[in-house]
Structures are given as C-alpha cells and as structure tokens.
Number of protein chains: 2
Amino acid sequence: MRIGELARRTGVSTRVLRYYEQRGLLCAQRDANGYRRYDDEESVETVGRIRELLATGLNTDDIRALLPCAQGGPGLNPCAFSCGIVERQMAQLDAEMAELARRRAALGAYAQVMRERRAQDEALAARALRSA
Amino acid sequence: MRIGELARRTGVSTRVLRYYEQRGLLCAQRDANGYRRYDDEESVETVGRIRELLATGLNTDDIRALLPCAQGGPGLNPCAFSCGIVERQMAQLDAEMAELARRRAALGAYAQVMRERRAQDEALAARALRSA
DNA sequence: TTGCACCTTGACGCCGGTGTAAAGGTCAAG
DNA sequence: CTTGACCTTTACACCGGCGTCAAGGTGCAA
C-alpha cells in the first residue's frame with residue numbers, strides 16, 4: 001500500500017502522514033523508486049491510534065514515546081513510563097479545566113457589572129424620556 | 001507619564017503597551033519629540049482592565065469592542081453589544097471545558113487499558129522468574 | 001509521444017500575544 | 001562633548017499541527 005491509499009483508508013492527508021513519519025510516529029519501507037510502502041493492517045491501526053491520542057491533547061513527542069507501549073512494545077519499563085506520560089497529561093488537563101473555570105468566573109463577574117451598568121443606563125434613558 | 005513609567009507602574013513591558021496601542025486598545029498623546037504621553041490615572045486603570053480581560057481568554061479584537069463600554073462609553077447600545085460578546089465568550093469557555101472533559105475521559109480509557117497491560121506484563125515476568 | 005495520476009522533498013503560511021534585536025533620535029547630567 | 005537612560009519604528013522568532021504550493025521524478029494507458 002502506498003501513501004495515497006493509506007490516506008484514503010484513514011481519512012488523513014498525505015501531508016499529515018509524511019509529517020507523522022518525520023516526527024517518528026509512523027515508519028514505512030521504501031520501494032526501489034523511493035515511494036513509501038506500508039503494510040496493510042498495522043499502518044491503518046497505527047494511524048488510528050495516533051489520531052486518537054492527538055485528540056486527547058497529547059503532542060507528537062509524547063505520542064512517539066507512548067506508541068511502542070500502546071502497540072505492545074518491549075514490555076514492562078516502557079509501559080510504566082508511558083503510564084507516567086498519560087497521568088501527567090491527565091493532570092495537565094485538570095489544570096486547564098481549572099483555569100477555564102477561573103476564566104469563566106471572572107467573565108461572569110464582568111457580565112454582572114455590565115448588566116448593572118446596562119440597567120442603570122436604561123433607567124437613565126427612561127427618566128430622560130419622561131422629562132422630555 | 002511616558003511609556004517606561006507606565007510599564008513600571010503596570011508591570012507590563014513597553015513592547016506590550018505599544019502592541020495594545022497598535023490593536024486599538026490604548027491611546028496616547030504625543031509630545032513634540034514623538035514620545036507617547038499618558039494621563040496619570042486612566043491609563044493605568046485601562047491597562048489593568050485589558051490584562052483582566054485578556055486573562056479571561058478574550059482576544060484583543062473583542063476587548064477593543066468591549067473597552068468603551070467597560071469604561072463608561074457611549075451608553076446603551078454598545079453596552080448591549082458588549083454583553084453579547086461576554087456571553088458568547090462564556091459559551092465558548094463552556095464548550096472548551098466540555099472538550100477538555102471529553103479528552104480527559106478518552107485518556108482515562110487509555111490509562112485503564114495500559115494499567116491492564118502492565119499488570120499482565122508483571123504477571124508474565126513473575127511467572128518467568130519462578131520458572132527460571 | 002502525450003497525458004495523467006501518483007509520488008518525492010522543501011518551504012512558506014497560519015494564529016496571537018509577546019520577546020528581542022536592530023538602527024536610530026532626544027535629552028539631561030557629568 | 002560624551003555618556004547613558006529613555007524613546008522611536010520595523011521586523012523576525014516562537015509554538016505545533018497542518019494546508020498548500022513549487023519543482024520535479026515514475027509509471028501506466030491511450
């Protein structure tokens with residue numbers, strides 16, 4: 001399977017597949033003419049896993065470290081290491097959610113102030129209208 | 001007050017103050033030699049408000065639209081418009097929080113799978129150790 | 001032979017707030 | 001006059017996953 005077919009079967013652009021290879025997430029054999037050649041099964045699965053992991057917010061560096069374990073790599077130690085990466089990312093997500101909650105609260109305070117200002121303005125306008 | 005002093009009093013770099021001016025968030029008079037001159041009170045407050053709003057995740061375009069109202073601008077209509085901006089941003093934050101929650105859940109599923117794999121590996125290693 | 005689909009590498013753009021540097025003007029103090 | 005602090009504008013870099021274009025090679029079909 002060449003890169004175009006892998007792109008079609010995964011719904012990912014060829015640009016992205018080459019990018020994943022450059023980042024060390026995906027490997028390919030080469031034909032005599034230099035074209036990339038992928039195995040039928042494994043590559044599709046690997047690309048799927050990469051997309052899933054990316055969608056969790058992990059970056060390509062972390063995914064590169066994670067993939068050998070996720071694919072059944074050299075066993076115990078790397079897997080413990082990978083668990084660390086995943087847990088670190090979960091903590092990161094927790095921190096980001098807390099940050100977003102903080103922003104939302106601050107924005108809510110602003111909205112409150114603005115609602116009050118607006119009510120004031122409307123009262124003022126109504127009074128001006130009556131006196132006119 | 002010139003730009004250096006405003007920078008010191010607000011804790012914001014001169015680069016950032018010029019950027020805010022370029023984005024239309026902050027205005028300054030000019031001395032005869034071209035130096036920016038700021039009023040003593042208002043500028044410090046304005047910069048503070050800009051920083052607060054940026055910290056809520058609003059971008060400079062929204063803040064530019066928002067500031068006249070937050071400063072007691074031309075009244076009713078702009079303020080209603082500003083309320084819309086704030087509410088839109090709050091909805092945006094809600095969506096981002098939901099997305100982060102989704103990511104966290106997906107990552108949790110991965111962590112679960114990996115924990116199981118790890119336990120499997122450890123059991124395997126223990127058995128190998130016993131049989132050796 | 002021509003055309004077309006497919007492949008290759010390399011490189012620039014994006015977003016958006018900010019750092020940082022270059023190249024130069026202004027002004028007060030020594 | 002020199003030094004040095006302060007000011008000016010212009011412009012490039014960053015991050016990170018990806019779109020998109022350029023310039024060119026390969027191979028099959030009409």
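Protein chains get the first letters and strands the later ones, always in sequence-line order, with residue 1 at the start of each.
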Using side chain to side chain contact (heavy atoms under 4.5 Å, CB included) as the criterion, list what pairs up with A:M97, not counting sequence neighbours. B:L100, B:A101

For A:E5, enumerate each residue passing the side chain to side chain contact (heavy atoms under 4.5 Å, CB included) test, keeping only those at least two apart in sequence or located in another chain. A:M1, A:R8, A:R9

Return the value, rounded to whole Å, for the distance between atom [atom1] of [X] and atom [atom2] of [N].
{"X": "B:R2", "N": "C:dG25", "atom1": "CZ", "atom2": "C1'", "value": "13 Å"}
{"X": "A:I63", "N": "D:dC18", "atom1": "CD1", "atom2": "C1'", "value": "14 Å"}
{"X": "A:D61", "N": "D:dG17", "atom1": "CG", "atom2": "C1'", "value": "12 Å"}
{"X": "B:Q22", "N": "C:dT18", "atom1": "CD", "atom2": "P", "value": "13 Å"}
{"X": "A:E21", "N": "C:dT8", "atom1": "CD", "atom2": "C1'", "value": "11 Å"}
{"X": "B:I3", "N": "D:dA5", "atom1": "CD1", "atom2": "C1'", "value": "15 Å"}
{"X": "B:Y38", "N": "D:dC6", "atom1": "OH", "atom2": "C1'", "value": "14 Å"}
{"X": "B:D62", "N": "C:dG16", "atom1": "CG", "atom2": "P", "value": "10 Å"}

Quick one: list whatever passes side chain to side chain donor-acceptor pair (under 3.5 Å) with [X], sequence neighbours left out.
{"X": "A:R30", "result": "A:E21"}
{"X": "A:R2", "result": "none"}
{"X": "B:R15", "result": "none"}
{"X": "B:D31", "result": "B:R37"}

Would you give a per-nucleotide map of nucleotides 10-16 of chain D, 5' to 3', where B means the base has a protein non-hydrogen atom under 4.0 Å away, S means only the sugar-phosphate does, and - means neither? -B-----

Run B:C83 and B:V86 through side-chain contact (heavy atoms from CB on, under 4.5 Å) and show every step you take. CA-CA 5 Å; B:C83 286; B:V86 169; 5.7 Å; no

Could I get the full list of salt bridge (Lys or Arg N to Asp or Glu O under 4.0 Å) partners for A:E45, not counting sequence neighbours? A:R49

Return the residues of residues 26-37 of chain B meeting this criterion: a heavy atom under 4.0 Å from some atom of DNA chain C. Order them by number, or give none. B:N33, B:Y35

Using a 3.5 Å cut-off and no angle test, enumerate the donor-acceptor pairs between side-chain atoms of residues 53-62 of chain B and protein atoms at least two apart in sequence or in another chain.
residue, atom, partner, partner atom, Å
B:T56, OG1, B:L53, O, 2.5
B:N59, OD1, B:D61, N, 3.2
B:N59, OD1, B:D62, N, 2.9
B:T60, OG1, B:R23, NE, 3.2
B:T60, OG1, B:R23, NH2, 3.4
B:D61, OD1, B:R23, NH2, 2.9
B:D61, OD1, B:R64, NH2, 2.5

Evaluate A:R36 against A:R18 for side-chain contact (heavy atoms from CB on, under 4.5 Å), listing each step before the verdict. CA-CA 10 Å; A:R36 289 171 180 81; A:R18 295 194 189 98; 3.6 Å; yes

Going by distance alone, is a donor N or O of one side chain under 3.5 Å from an acceptor N or O of the other, for A:Q29 and A:Y38? no

Contact list please: residues 4-14 of chain B against DNA chain D, heavy atoms, distance less than 4.0 Å, in numerical order. B:G4

Can a donor-acceptor pair be found, under 3.5 Å and without considering hydrogens, that links the side chain of B:N33 to the backbone of B:Y35? yes

If an axis is fit to five pairs at each end of the helix from C:dT1-D:dA30 to C:dG30-D:dC1, what is the angle between the two, to the nearest 10°? 50°

For residues B:S82 and B:A65, report the shortest heavy-atom separation together with the two atoms involved. OG-O, 3.7 Å

